[in-house]
Structure formats: structure tokens, C-alpha cells
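Reading through the C-alpha cells given below for one structure.
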Amino acid sequence: MVFNEATGFPYISETGRTMMPVNACLTSIGCYVAWDNQTKTVFSYKDNMQVEIPVGKNEIYVNQKVVLTDTAALIRNGRTYLPLKSVLEAYGYQVDWDGEAGIVYAASPEKIALSPDNINGGTTGVFSRKQLEFSGFTGIQADVTLPTVTLAEKGDCPYVYFGFDWAGDAGNAEGGFQFIEDPDHPAYNRWTVFLRQGKEWRWGENIILEQGSSHHLEFFREEMSDQQVDLVIEMDGREVVRKASASTDFSSTSVKAVISMAMSKPFDGKNCLSSSEGARIANLKVKERNAGYSDFESHPLYSEFKRSIGAVGMWFGTADCIPMYLHYGADGSVSIYNGGLILEQKAPATSVARKEYVPGNVTVTDQYIYYEDGNGQIIQAQLADPSIMKTVYQLPVWTYGDGRQYVYDSRLFVENGTVYLKYHQGGAVMGADFLIRLDDDGTAEELQSSYHQVKILGDKTFSRWTDLMPYSGNLAMKTGNGEFEKLGSPDYIYTWDYISDGTASGGFGPEDVYLSDDFLYILATDFKSYKEENALPGIYRIDINTGETVRVNERAVKEFMAEGDFLYCHSNGTFYRQPLKDGKEEKLGQVLAPESEKAQNALALEPEEIRNFIVLNGKIYWQKKFDHGLYDINGKSLNEGAVLDSMALRGDSGEYLVCTFAEEGTAKFRIMVFDRNGNVAFKTRDKAFCRNISIFGDRICFYNLTTGTVCIGQLNR
């Protein structure tokens with residue numbers, strides 16, 4: 001690029017660092033650049049990267065994580081200048097300095113992108129590596145949790161290990177945990193301890209470790225004489241492996257911590273089918289020559305790109321590969337598996353606005369990102385370019401607040417490709433629930449402003465009163481923009497499952513409402529008997545033309561679902577199916593043992609063991625009350641140890657089931673998408689809720705609570 005008076009000119013700082021004018025430098029590589037005058041911070045954004053550069057501080061923030069620098073950004077002649085090398089490297093550029101010519105060379109990440117061909121060791125597998133600079137390290141220790149492994153092919157071999165690398169690649173050594181993937185080995189599907197230097201290997205004798213177990217490991221050098229240095233591994237306080245080192249000079253040694261999946265076949269960037277999940281390296285410390293142990297993170301990371309190796313050169317040091325395989329947990333754990341796609345990530349708005357948005361209240365369509373900012377505004381930003389945005393709705397001030405709070409429980413969500421906004425105004429009893437439809441053209445329409453809950457099915461809108469005190473005949477319908485008219489019989493309480501034991505009663509208002517031809521299927525309770533012991537809430541069919549109301553099942557039912565030509569429900573631990581039209585009820589499967597004390601007159605305030613369920617292509621997915629897990633009709637857990645927190649049908653015609661899981665527990669995945677055949681089309685450890693997720697064709701878009709970005713990718717088919 002060319003510099004002039006308008007852009008400013010680069011210069012060499014007193015510390016010998018090249019300083020570049022911010023706007024000219026970053027816009028030339030395609031970054032969006034903004035300036036926050038209050039915090040004196042430059043915000044830059046490109047693709048899935050955001051770099052914040054505070055003036056006067058020896059640090060920058062890369063995707064909100066601090067990276068220390070040896071030079072601070074500063075303001076000179078009214079223009080902000082930045083330390084070139086650290087910022088460009090954050091965006092993936094390789095920066096070199098020709099001192100004689102006085103020229104800075106910056107190679108774009110497209111030319112040197114991390115790949116199986118240019119990552120040291122990455123040609124044989126997938127590695128998550130952190131390596132410290134060459135400073136003469138002599139020991140490394142940590143508490144290690146061994147991952148759970150699923151092997152898809154013989155020859156795949158997971159590792160969790162530490163290593164010493166010598167300058168000039170002389171005498172490098174590695175030691176730690178190796179997974180036994182050979183089915184002929186007596187310790188098959190277990191872990192053991194290894195030490196390797198060159199082609200020489202040592203293993204811990206009779207050491208067999210369980211998957212998921214935790215151990216303290218120390219790997220260090222021990223001087224035996226002037227001519228001999230031993231490499232030693234101690235596990236849980238006892239020596240388990242020792243060998244004489246091929247090198248005795250540790251004056252220029254670096255250390256590394258690695259979680260990897262190695263392969264016997266050449267790695268092409270996507271052909272690793274095995275998984276290693278939940279590895280954790282904690283309390284990681286390193287020891288320098290003539291010094292004690294110190295925190296691993298307090299030392300500078302080592303990274304070097306050697307252009308002389310291979311066709312495009314090779315990275316050594318701090319390389320995490322490959323993004324589609326690496327998944328990080330909130331507890332610091334690392335999992336390696338093929339996520340099925342490489343996600344494109346976008347901030348929900350410009351860098352400055354992103355600082356103000358309400359975390360979690362974000363949803364996505366195939367064209368727009370909708371989010372709530374700190375001023376109660378609902379912003380619509382273009383998915384293709386989130387810096388292009390406009391306000392489409394202003395939340396009102398909460399009438400019970402201090403005059404500065406906005407209404408609470410504001411929720412943005414997508415349903416059938418349309419964005420809706422829900423919020424509550426006023427108190428719990430005297431307040432109102434609002435439902436707003438947000439259209440792509442930037443207009444908004446109020447659909448609900450009371451406890452009359454609405455359900456839009458085609459050109460029909462159904463309204464039912466669901467406040468704390470129900471009343472009979474609480475159902476109405478309108479067509480198009482017409483007026484609401486009463487629907488059904490006045491003898492029933494609609495969408496209420498009131499049940500009584502004769503002394504107490506309770507219930508709630510589910511949203512199970514389905515329209516098939518001219519018949520509405522809805523949950524209802526006989527008003528005359530809802531406080532009596534014989535009250536049996538169930539499924540009713542209403543002729544929307546005549547109002548005729550007919551019960552279609554005999555069992556006490558608290559929730560149901562219609563799919564295709566069938567109704568699905570459960571009662572007393574058993575799932576049933578029956579045709580929408582007249583037909584015999586069919587028992588699909590008893591998933592929980594019936595309890596005599598939970599008979600048909602059991603209190604609705606004591607939910608059954610089946611908490612929630614969804615049907616996709618005739619397959620039932622349900623949540624168990626006891627552990628909140630996700631199960632199939634055969635009682636098989638679909639995400640072992642995970643707590644299901646939301647599930648919904650998504651896609652152009654509801655052809656995918658999206659399930660999200662809480663961050664606590666031992667969940668392998670926090671988002672799972674199932675297709676109509678029951679196959680997993682997508683899974684990740686990143687966190688979102690169903691309201692944050694949309695699917696259009698084979699494209700998934702979701703707001704990632706883990707990274708604070710919008711992710712876009714392709715589903716597996």
C-alpha cells in the first residue's frame with residue numbers, strides 16, 4: 001500500500017518496532033475499523049476475528065482474549081499508530097522484516113494458512129499444541145485428565161503428552177500418555193505412559209489407565225554425570241519411565257503441551273474419523289535451568305514459520321489444528337473430533353455495538369441477525385455484513401421499575417423462518433405478555449398484548465386465555481385480519497391440564513395446538529369437573545366451522561403432538577399413537593415403569609417422569625425427569641451425562657430436530673441436530689439455545705454463546 005499525508009506514514013519506534021497508522025493498515029487488508037474515544041480503543045473486525053487495540057497498553061485482545069505485546073499503540077499527531085507485527089499476526093499474516101532494505105513483508109493467511117501440509121506433526125493427525133519459546137527449560141508438570149476415546153479405524157492413536165524441543169531439531173523428546181488402539185494388546189482401549197526420543201521408545205511397565213481418569217505427571221531431565229543426562233517421567237509421585245537422553249545440552253530448549261489424534265495414514269485435513277473428548281491439562285508448570293517451577297502461561301509462546309521446508313514451508317510451535325476438529329469446553333477441556341463443518345463466524349454487530357448488546361438475546365435468519373442492545377433497541381443487522389444495521393423495535397420501559405429499566409424476559413426467536421419478540425410488561429398477575437412479529441423489511445406488528453396467548457396456523461390465528469385463573473370457553477379464532485370469535489364448547493377449559501385429587505388442584509397451559517384441514521386438535525379439561533377427582537385432561541378435536549367439540553382419547557394426557565396423519569401422546573410412562581381421523585390407539589413403547597400412586601388423578605403439579613417429547617418422522621425423542629437427559633423410544637441416552645435444556649424442530653419444513661444441553665454435567669455435546677432418519681447431522685460443544693438457532697436448507701445459523709459470535713455452516717447429509 002502507498003502512504004501519504006492523508007493516511008499517515010509508518011515509522012520505527014525507539015524500541016525498534018515498526019509502527020503503522022491504524023486505519024490505513026487494517027482497512028487495506030479488509031478490516032472494519034472503529035474507534036471508541038471513551039476507552040481510547042481501536043476495534044477491528046474481519047471474518048471470524050476481532051482484534052481490540054487499547055492505546056497505551058502492552059496488550060491487544062484477540063476475540064476477547066488478552067495477548068501481550070512488547071509495544072503499545074499510541075496517538076501521534078492526532079493519528080493512532082499500532083505495533084504492526086502483533087496485530088497482523090493475530091489476523092493470520094506472516095510478518096518478516098528486511099532490516100537492510102527497511103521493508104516489512106506481510107504474507108496473507110491465504111498463502112500460509114494452517115493446513116495438514118504445513119503444521120509440524122499435522123501430517124499424521126490433528127493436534128492441539130501450545131509451545132513455549134526456546135529458553136532452556138528442564139522440566140514440565142501438570143494434572144492430566146485422560147480423554148474418552150472412540151476409535152473409528154485401526155491406526156488412529158490419541159495422545160496427551162509433553163515435550164522438549166531443541167533448537168536445530170536435535171534430540172527432541174516427548175513423554176506422557178498414549179492410548180492403546182491395538183485390539184491384540186492386553187491393555188486395549190486403555191491408556192499407558194510412554195517416552196520417546198527419535199526412534200527409541202520406552203513404556204511404563206504394567207501401567208494400564210482408565211479413560212477419564214486423572215493423574216499428576218512430571219517430565220524432566222536429571223543430570224547423572226558430565227556425559228549423561230536422563231529423561232524421567234514420574235506419575236502420581238512415582239518414577240515410571242527413564243532413558244538416557246541423546247542430547248545433554250538443554251541451553252536452548254523449548255517445552256510443549258500437546259493433545260493430539262495421530263494417524264498411521266496421511267492426514268488430508270478431514271479424514272480423521274475417531275474422537276478424543278474431554279482431555280484436560282490443569283496446573284501446568286515448567287522449570288527452567290537453575291530455577292524452580294513457574295506457570296506455563298507466564299512464558300511467551302513460541303512460533304516459527306520455516307519457508308525452507310516443503311512446498312509452502314511449515315509451522316513450528318503454537319499451532320492449533322484443525323479448527324473443524326477442535327472443541328473447547330468451559331472447564332478448559334479439549335475434545336478432538338470431526339464437527340462436520342468449518343463454521344464461518346460473524347460478530348452480531350459492529351465491534352463497538354457488540355460491546356453493548358444483551359448476551360444471549362440474539363437470533364438469526366438466513367439473511368439477518370437480530371439482537372437487543374444495551375438501550376433496549378432491537379437491531380437488525382445484515383448477516384453478510386453485520387456492520388450494516390438498523391433499529392426495528394424499541395422495548396418500552398418497565399412500568400414497575402425505576403424508570404430506567406426496560407421490560408424483562410425479552411426473548412428473540414425464529415419460528416418457521418419468521419422472527420418474533422416476546423417480553424413481559426407489568427407485574428406477574430396484573431401484567432401482560434407481548435408478542436411482536438419482526439419482518440425482514442424492518443416493520444413490526446404487535447400480535448399479543450395480554451395473557452391471551454396466540455398461535456398462528458396458516459391464515460388462522462387462535463387465542464386462548466392462560467392466566468393463573470382459567471375459565472371455560474377460553475378459546476377464540478380469527479381468519480386473516482378479521483375479528484376474534486369464540487370457538488368450541490363453553491364447557492371446556494382449553495390448553496389447561498387441570499387435575500385434582502379432591503383436595504388440591506393445579507396445572508399449566510401448554511402450547512399444544514394443531515390444525516389439520518378444518519379440525520383443530522387441542523388439550524382441554526371439562527370445566528364442570530376440573531376440581532373433582534374424575535377430571536381427566538385430554539385431547540379434543542374442534543370443527544372450526546361448527547364448533548363441535550369431541551374428545552379423541554380416553555387417557556389423562558398433559559401434552560401431545562401431531563405429525564403427519566397421527567397424534568402422539570404419553571400417559572403413565574407409555575407412548576401412544578393414533579390416527580388423526582377415526583382409528584385405533586396403538587401402544588408404541590413403555591419407557592418408564594408405571595407407578596400406582598401416579599394414577600389418572602395424580603396432581604398436575606407433580607409432573608410425570610416424561611417431561612417433554614418431540615416426534616420427527618415417527619421417531620420419538622423424550623426427556624426424563626430424573627436426570628433431564630435426552631432418550632429415544634428404546635430408552636437409549638442420545639448424549640450421555642447431558643442435561644437437555646431445549647429442543648425444537650427446525651428447517652424449511654421442520655425436517656431437523658435441534659437439541660441443546662446445559663453447560664454443566666459431563667455432556668459430550670451442547671448442540672446436536674438430528675435428521676429425519678435419526679442420524680446426527682451436526683454436533684458441537686459450543687453453547688446455544690434453540691431460540692438462537694435456525695436451519696435453512698442444509699445451512700445452520702446460530703448465535704454461539706461460547707464465542708459471542710454468529711456461526712454459519714453446512715449440515716451433514
Side-chain angles (χ1 to χ4, degrees), residues 413-420 422 433 435 437 445 447-448 450-466 470 472-497 508-526 537-553 555 557-570 576-583 585 612-618 620 647-657 676 690:
F413 64 97
V414 173
E415 190 171 281
N416 298 324
T418 301
V419 177
Y420 296 91
K422 272 186 176 181
D433 291 330
L435 179 65
R437 187 184 69 224
E445 180 179 354
L447 304 177
Q448 172 187 313
S450 68
Y451 283 119
H452 282 96
Q453 304 294 318
V454 299
K455 184 83 170 182
I456 302 172
L457 301 171
D459 67 339
K460 304 288 191 296
T461 302
F462 298 91
S463 172
R464 66 265 191 218
W465 180 261
T466 58
S472 60
N474 60 328
L475 181 65
M477 180 189 79
K478 73 174 183 178
T479 301
N481 295 321
E483 298 295 325
F484 279 107
E485 297 182 2
K486 289 285 186 178
L487 178 65
S489 169
D491 297 332
Y492 297 97
I493 306 171
Y494 293 103
T495 65
W496 278 85
D497 71 341
F508 67 102
E511 297 185 3
D512 301 339
V513 181
Y514 301 91
L515 184 65
S516 177
D517 297 327
D518 289 336
F519 294 97
L520 184 74
Y521 294 85
I522 193 168
L523 197 71
T525 305
D526 188 337
I539 309 168
Y540 286 77
R541 182 178 65 215
I542 303 173
D543 188 321
I544 63 174
N545 297 313
T546 67
E548 180 186 16
T549 303
V550 178
R551 182 164 182 146
V552 298
N553 80 313
R555 304 176 188 278
V557 173
K558 297 179 182 180
E559 61 176 339
F560 75 99
M561 180 175 174
E563 189 199 45
D565 296 328
F566 294 94
L567 293 172
Y568 295 82
C569 68
H570 65 86
Y576 298 89
R577 181 179 73 176
Q578 70 182 82
L580 282 171
K581 309 304 178 185
D582 295 334
E585 180 182 76
N612 191 13
F613 82 99
I614 277 183
V615 182
L616 177 59
N617 196 28
I620 294 176
M647 62 177 175
L649 295 178
R650 291 287 185 265
D652 300 331
S653 57
E655 66 270 29
Y656 291 100
L657 170 64
R676 290 178 57 81
C690 284

Look up atom [atom1] in [X] and atom [atom2] in [Y], then write down how far apart they are to the nearest 0.5 Å.
X: Arg464; Y: Met477; atom1: CZ; atom2: CE; answer: 14.5 Å
X: Thr461; Y: Leu447; atom1: OG1; atom2: CG; answer: 7.5 Å
X: Leu487; Y: Ile522; atom1: CG; atom2: CD1; answer: 8.0 Å
X: Asp565; Y: Arg577; atom1: CG; atom2: CZ; answer: 10.0 Å
X: Lys455; Y: Phe462; atom1: NZ; atom2: CZ; answer: 11.0 Å
X: His570; Y: Ile620; atom1: NE2; atom2: CD1; answer: 9.5 Å

With a 6.0 Å cut-off (strictly less than), is the heavy-atom count around CG of Asp459, excluding the residue itself, greater than 12?
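Count over threshold, so yes.
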Counting only heavy atoms not in Asn416, do more than 12 fall under 6.0 Å of its CG?
no
Could you pull out the closest heavy-atom pair between [X] and [Y], with the gap in Å?
X: Tyr521; Y: Leu567; answer: CD2-CD1, 4.0 Å
X: Leu523; Y: Lys558; answer: CD2-O, 3.4 Å
X: Gly564; Y: Leu580; answer: O-CD1, 3.4 Å
X: Cys690; Y: Ala648; answer: SG-N, 3.6 Å
X: Leu616; Y: Gly654; answer: CD1-O, 3.4 Å
X: Asn553; Y: Gln578; answer: CB-OE1, 3.8 Å

Any [X] side-chain heavy atom under 4.5 Å of [Y] side chain:
X: Ile542; Y: Tyr492; value: no
X: Glu563; Y: Leu649; value: no
X: Leu515; Y: Ile544; value: yes

Okay, side chain of [X], backbone of [Y]: is any donor-acceptor separation there less than 3.5 Å?
X: Glu483; Y: Lys478; result: no
X: Asn474; Y: Tyr494; result: yes
X: Lys486; Y: Gly473; result: yes
X: Thr549; Y: Ser489; result: yes

Could you walk me through whether Leu657 and Met647 pass side chain to side chain contact (heavy atoms under 4.5 Å, CB included), step by step?
CA-CA 7 Å; Leu657 170 64; Met647 62 177 175; 4.3 Å; yes
Step by step, would you call Leu520 with Leu475 a side chain to side chain contact (heavy atoms under 4.5 Å, CB included)?
CA-CA 11 Å; Leu520 184 74; Leu475 181 65; 4.1 Å; yes
Verdict with supporting geometry, Asp543 and Asn545, side chain to side chain contact (heavy atoms under 4.5 Å, CB included)
CA-CA 5 Å; Asp543 188 321; Asn545 297 313; 3.3 Å; yes
Intermediate values then yes/no, side chain to side chain contact (heavy atoms under 4.5 Å, CB included), Gln448 and Lys422:
CA-CA 9 Å; Gln448 172 187 313; Lys422 272 186 176 181; 5.9 Å; no
Partner residues of Asp517 under the salt bridge (Lys or Arg N to Asp or Glu O under 4.0 Å) criterion, sequence neighbours left out:
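Applying salt bridge (Lys or Arg N to Asp or Glu O under 4.0 Å) to Asp517 gives Lys581.
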Hits for salt bridge (Lys or Arg N to Asp or Glu O under 4.0 Å) against Arg676, two or more places apart or cross-chain, chain-then-number order -> none
The ring pair (Phe, Tyr, Trp, His ring centres under 6.0 Å) partners of Phe413 (sequence neighbours excluded) come to Tyr420
Ring centroid separation Phe560 to Tyr514 under 6.0 Å:
yes
